[in-house]
Amino acid sequence: MPAHAEPGADAAGGVAATLGLPDGPALTVRTVTKADVEGLDALFQGLCDDDRHHRLFSLRHPARKFVEQMTRAADEGGYRLVAVVSGAEDALVAEAGYAILPDGDGEFALTVAPGWRGCRLGRYLLGAIVAAAAARGVPNLQADIMLGNARMLALVRDRGYITLHRDEFSDMRIAIDAAQPARRRQRAGTLASCASTA
(Lines give C-alpha, C1' and ligand atoms only; values in the text may rest on other atoms or scores of the structure.)
Protein backbone atom coordinates (compact mmCIF):
# COMPACT_ATOMS: atom_id res chain seq x y z
CA MET A 1 0.00 0.00 0.00
CA PRO A 2 1.53 3.37 -0.96
CA ALA A 3 2.35 6.07 1.49
CA HIS A 4 1.04 9.28 -0.01
CA ALA A 5 0.14 12.86 0.68
CA GLU A 6 -3.33 14.23 0.16
CA PRO A 7 -3.98 14.54 -3.58
CA GLY A 8 -2.91 17.94 -4.81
CA ALA A 9 -0.90 18.67 -1.69
CA ASP A 10 2.63 19.99 -1.94
CA ALA A 11 4.36 17.13 -0.17
CA ALA A 12 7.93 17.19 1.10
CA GLY A 13 10.31 16.97 -1.83
CA GLY A 14 7.39 17.03 -4.23
CA VAL A 15 6.63 13.34 -3.55
CA ALA A 16 2.93 12.51 -3.85
CA ALA A 17 3.11 8.71 -3.42
CA THR A 18 5.63 5.91 -2.96
CA LEU A 19 4.96 2.20 -3.46
CA GLY A 20 7.33 -0.67 -2.80
CA LEU A 21 7.19 -3.37 -5.50
CA PRO A 22 7.69 -7.11 -4.81
CA ASP A 23 11.03 -7.38 -6.61
CA GLY A 24 12.65 -4.56 -4.65
CA PRO A 25 12.32 -1.25 -6.52
CA ALA A 26 9.90 1.49 -5.58
CA LEU A 27 7.43 3.44 -7.71
CA THR A 28 7.52 7.12 -6.74
CA VAL A 29 5.02 9.71 -7.97
CA ARG A 30 6.46 13.21 -7.64
CA THR A 31 6.45 16.63 -9.24
CA VAL A 32 8.49 16.96 -12.40
CA THR A 33 11.98 18.49 -12.33
CA LYS A 34 14.26 19.81 -15.04
CA ALA A 35 16.34 16.64 -14.63
CA ASP A 36 13.42 14.60 -16.05
CA VAL A 37 13.94 15.68 -19.68
CA GLU A 38 15.72 12.44 -20.65
CA GLY A 39 13.17 10.28 -18.84
CA LEU A 40 10.25 12.03 -20.53
CA ASP A 41 11.98 11.73 -23.89
CA ALA A 42 12.46 7.98 -23.32
CA LEU A 43 8.80 7.60 -22.25
CA PHE A 44 7.59 9.12 -25.53
CA GLN A 45 10.18 7.12 -27.50
CA GLY A 46 8.73 3.91 -26.03
CA LEU A 47 5.22 4.60 -27.32
CA CYS A 48 3.87 2.84 -30.40
CA ASP A 49 2.59 4.98 -33.28
CA ASP A 50 -1.05 4.70 -32.13
CA ASP A 51 -0.17 5.75 -28.58
CA ARG A 52 1.94 8.65 -29.79
CA HIS A 53 -0.86 9.76 -32.11
CA HIS A 54 -3.41 9.64 -29.27
CA ARG A 55 -1.17 11.56 -26.86
CA LEU A 56 0.43 14.08 -29.22
CA PHE A 57 -1.94 14.13 -32.23
CA SER A 58 1.14 13.29 -34.29
CA LEU A 59 3.15 10.21 -35.20
CA ARG A 60 6.39 12.13 -34.73
CA HIS A 61 8.46 12.03 -31.59
CA PRO A 62 8.01 15.34 -29.71
CA ALA A 63 10.67 18.00 -30.17
CA ARG A 64 13.17 18.51 -27.37
CA LYS A 65 11.75 21.99 -26.74
CA PHE A 66 8.29 20.50 -26.05
CA VAL A 67 9.74 18.02 -23.54
CA GLU A 68 11.82 20.72 -21.83
CA GLN A 69 8.72 22.92 -21.52
CA MET A 70 6.93 20.08 -19.71
CA THR A 71 9.58 20.23 -16.97
CA ARG A 72 8.87 23.95 -16.46
CA ALA A 73 5.14 23.48 -15.76
CA ALA A 74 5.26 25.19 -12.36
CA ASP A 75 7.15 28.20 -13.75
CA GLU A 76 4.19 28.87 -16.04
CA GLY A 77 1.42 28.26 -13.47
CA GLY A 78 0.83 24.63 -14.40
CA TYR A 79 1.43 21.38 -12.58
CA ARG A 80 3.01 18.09 -13.69
CA LEU A 81 3.70 14.78 -11.99
CA VAL A 82 5.95 11.92 -13.07
CA ALA A 83 6.01 8.30 -11.90
CA VAL A 84 9.52 6.87 -11.57
CA VAL A 85 10.61 3.30 -10.82
CA SER A 86 13.85 3.08 -8.88
CA GLY A 87 16.54 0.58 -9.82
CA ALA A 88 20.09 0.43 -11.13
CA GLU A 89 18.84 3.15 -13.46
CA ASP A 90 15.62 4.96 -12.60
CA ALA A 91 12.91 4.67 -15.26
CA LEU A 92 10.20 7.27 -15.79
CA VAL A 93 7.03 5.27 -16.56
CA ALA A 94 4.26 7.90 -16.56
CA GLU A 95 3.55 11.63 -16.62
CA ALA A 96 0.46 13.74 -16.09
CA GLY A 97 -0.19 17.43 -15.72
CA TYR A 98 -1.80 20.57 -16.97
CA ALA A 99 -0.83 23.93 -18.42
CA ILE A 100 -2.85 27.09 -17.79
CA LEU A 101 -5.07 28.32 -20.62
CA PRO A 102 -5.81 32.03 -21.25
CA ASP A 103 -9.28 31.67 -19.65
CA GLY A 104 -7.80 30.32 -16.39
CA ASP A 105 -8.72 26.67 -16.98
CA GLY A 106 -6.00 24.06 -17.33
CA GLU A 107 -5.28 21.89 -20.38
CA PHE A 108 -4.37 18.40 -19.20
CA ALA A 109 -2.73 15.32 -20.65
CA LEU A 110 -1.20 12.12 -19.34
CA THR A 111 0.94 9.25 -20.58
CA VAL A 112 1.48 5.81 -19.05
CA ALA A 113 4.14 3.48 -20.47
CA PRO A 114 2.65 0.32 -22.06
CA GLY A 115 3.99 -2.03 -19.39
CA TRP A 116 2.37 -0.01 -16.62
CA ARG A 117 -1.20 0.09 -17.91
CA GLY A 118 -4.00 -1.74 -16.18
CA CYS A 119 -2.80 -1.02 -12.64
CA ARG A 120 -4.78 2.18 -12.03
CA LEU A 121 -1.73 4.42 -12.38
CA GLY A 122 -3.49 6.59 -14.98
CA ARG A 123 -6.56 6.90 -12.76
CA TYR A 124 -4.40 7.84 -9.78
CA LEU A 125 -2.50 10.46 -11.79
CA LEU A 126 -5.69 11.99 -13.22
CA GLY A 127 -7.17 12.21 -9.72
CA ALA A 128 -3.99 13.81 -8.42
CA ILE A 129 -3.82 16.52 -11.08
CA VAL A 130 -7.55 17.30 -10.73
CA ALA A 131 -7.05 17.66 -6.96
CA ALA A 132 -4.00 19.85 -7.55
CA ALA A 133 -6.03 22.07 -9.88
CA ALA A 134 -8.77 22.45 -7.27
CA ALA A 135 -6.22 23.27 -4.57
CA ARG A 136 -4.69 25.95 -6.80
CA GLY A 137 -7.98 27.57 -7.84
CA VAL A 138 -8.03 26.20 -11.39
CA PRO A 139 -11.77 25.70 -12.03
CA ASN A 140 -11.72 23.14 -14.85
CA LEU A 141 -9.32 20.90 -16.71
CA GLN A 142 -9.88 20.59 -20.46
CA ALA A 143 -8.48 18.20 -23.07
CA ASP A 144 -8.88 17.20 -26.68
CA ILE A 145 -9.34 13.42 -26.84
CA MET A 146 -9.35 11.37 -30.02
CA LEU A 147 -12.43 9.20 -30.37
CA GLY A 148 -10.21 6.15 -30.90
CA ASN A 149 -8.42 6.70 -27.58
CA ALA A 150 -10.47 4.18 -25.59
CA ARG A 151 -8.22 4.24 -22.50
CA MET A 152 -8.44 8.00 -22.03
CA LEU A 153 -12.16 8.04 -22.75
CA ALA A 154 -12.67 5.39 -20.04
CA LEU A 155 -10.59 7.42 -17.57
CA VAL A 156 -12.56 10.63 -18.05
CA ARG A 157 -15.86 8.75 -18.10
CA ASP A 158 -15.07 7.37 -14.62
CA ARG A 159 -14.10 10.85 -13.48
CA GLY A 160 -17.12 12.64 -14.97
CA TYR A 161 -16.88 15.32 -17.67
CA ILE A 162 -18.84 17.54 -20.02
CA THR A 163 -18.33 17.72 -23.77
CA LEU A 164 -17.44 21.20 -25.02
CA HIS A 165 -17.12 20.31 -28.70
CA ARG A 166 -17.21 17.14 -30.74
CA ASP A 167 -16.11 16.27 -34.23
CA GLU A 168 -17.98 13.04 -34.91
CA PHE A 169 -15.12 11.68 -37.04
CA SER A 170 -12.00 12.49 -35.04
CA ASP A 171 -12.00 13.99 -31.55
CA MET A 172 -13.85 15.85 -28.84
CA ARG A 173 -12.99 18.58 -26.37
CA ILE A 174 -13.99 17.79 -22.79
CA ALA A 175 -13.84 19.57 -19.44
CA ILE A 176 -13.61 18.16 -15.92
CA ASP A 177 -14.88 20.28 -13.02
CA ALA A 178 -11.91 20.33 -10.63
CA ALA A 179 -14.16 20.88 -7.61
CA GLN A 180 -16.42 17.92 -8.45
CA PRO A 181 -15.49 14.60 -6.78
CA ALA A 182 -14.86 11.58 -8.96
CA ARG A 183 -17.93 9.47 -9.76
CA ARG A 184 -16.14 6.36 -8.58
CA ARG A 185 -14.40 7.00 -5.28
CA GLN A 186 -10.75 6.02 -5.31
CA ARG A 187 -9.86 3.57 -2.60
CA ALA A 188 -6.79 4.05 -0.45
CA GLY A 189 -3.82 2.31 -2.02
CA THR A 190 -5.13 2.24 -5.58
CA LEU A 191 -1.57 1.93 -6.88
CA ALA A 192 -1.05 -1.37 -5.06
CA SER A 193 -2.12 -3.39 -8.09
CA CYS A 194 0.89 -2.00 -9.99
CA ALA A 195 3.02 -4.33 -7.92
CA SER A 196 1.57 -7.41 -9.60
CA THR A 197 1.65 -6.09 -13.19
CA ALA A 198 4.99 -4.30 -13.42
Side-chain angles (χ1 to χ4, degrees), residues 14 16-17 21 25-102 105-130 132-133 141-156 165-167 169-174 176 191 194 197-198:
L21 302 177
L27 174 70
T28 300
V29 178
R30 59 167 172 76
T31 51
V32 72
T33 71
K34 291 186 171 94
D36 290 318
V37 170
E38 298 301 331
L40 288 165
D41 194 60
L43 174 66
F44 292 127
Q45 189 69 43
L47 299 178
C48 69
D49 285 348
D50 278 349
D51 289 343
R52 197 174 295 121
H53 190 225
H54 288 156
R55 170 61 176 87
L56 304 165
F57 286 69
S58 171
L59 295 177
R60 298 177 64 183
H61 188 74
R64 181 80 172 196
K65 184 176 180 181
F66 173 85
V67 177
E68 289 172 350
Q69 185 174 7
M70 292 176 74
T71 69
R72 296 192 299 270
D75 297 346
E76 300 168 358
Y79 184 78
R80 187 158 305 278
L81 293 170
V82 293
V84 179
V85 178
S86 62
E89 289 189 20
D90 290 352
L92 196 153
V93 297
E95 61 82 23
Y98 64 84
I100 297 297
L101 294 167
D105 279 357
E107 175 135 32
F108 80 94
L110 66 88
T111 311
V112 176
W116 287 82
R117 294 174 188 161
C119 66
R120 299 189 179 135
L121 182 54
R123 182 177 294 174
Y124 175 85
L125 290 170
L126 180 59
I129 64 172
V130 170
L141 291 183
Q142 300 182 27
D144 290 319
I145 302 175
M146 299 188 79
L147 298 180
N149 191 348
R151 287 186 184 92
M152 183 59 85
L153 290 172
L155 272 182
V156 298
H165 169 74
R166 181 182 175 117
D167 179 324
F169 300 109
S170 62
D171 61 84
M172 64 182 185
R173 180 124 185 122
I174 64 101
I176 295 171
L191 294 181
C194 286
T197 61

Side chain R173, main chain Q142, donor-acceptor under 3.5 Å: no

Partner residues of D50 under the salt bridge (Lys or Arg N to Asp or Glu O under 4.0 Å) criterion, sequence neighbours left out: none

With D51 via salt bridge (Lys or Arg N to Asp or Glu O under 4.0 Å) - residues at least two apart: R117

Over all atoms of both residues, closest heavy-atom pair of [X] and [Y]:
X: I100; Y: G77; result: CG1-O, 3.2 Å
X: L125; Y: A96; result: CB-CB, 3.7 Å
X: V67; Y: P62; result: CG2-CG, 4.1 Å
X: R55; Y: M70; result: NH2-CE, 3.8 Å
X: L121; Y: V29; result: CD1-CG2, 4.5 Å
X: P114; Y: G46; result: CG-O, 4.1 Å

Is any side-chain heavy atom of [X] closer than 4.5 Å to a side-chain heavy atom of [Y]?
X: L81; Y: V32; result: no
X: H53; Y: L47; result: no
X: T28; Y: D90; result: no
X: R123; Y: L126; result: no
X: V130; Y: Y98; result: no

How long is the straight-line distance from [atom2] of [Y] back to [atom1] of [X], given to the nearest 0.5 Å?
X: D171; Y: H54; atom1: CG; atom2: NE2; value: 11.0 Å
X: I145; Y: S170; atom1: CD1; atom2: OG; value: 12.5 Å
X: E95; Y: L110; atom1: CD; atom2: CG; value: 7.0 Å
X: D41; Y: E38; atom1: CG; atom2: CD; value: 6.0 Å
X: R72; Y: R80; atom1: CZ; atom2: CZ; value: 12.0 Å
X: E68; Y: K34; atom1: CD; atom2: NZ; value: 10.5 Å

Criterion side chain to side chain contact (heavy atoms under 4.5 Å, CB included) on R64 and V37, from CA distance to verdict: CA-CA 8 Å; R64 181 80 172 196; V37 170; 3.4 Å; yes

Let me check something: any side-chain donor-acceptor pairs from residues 146-156 under 3.5 Å, sequence neighbours excluded? List them with distances.
| from | atom 1 | to | atom 2 | distance (Å) |
| --- | --- | --- | --- | --- |
| N149 | OD1 | M152 | N | 3.3 |

Given L40, V82, T33, the one that forms side-chain contact (heavy atoms from CB on, under 4.5 Å) with T71: L40

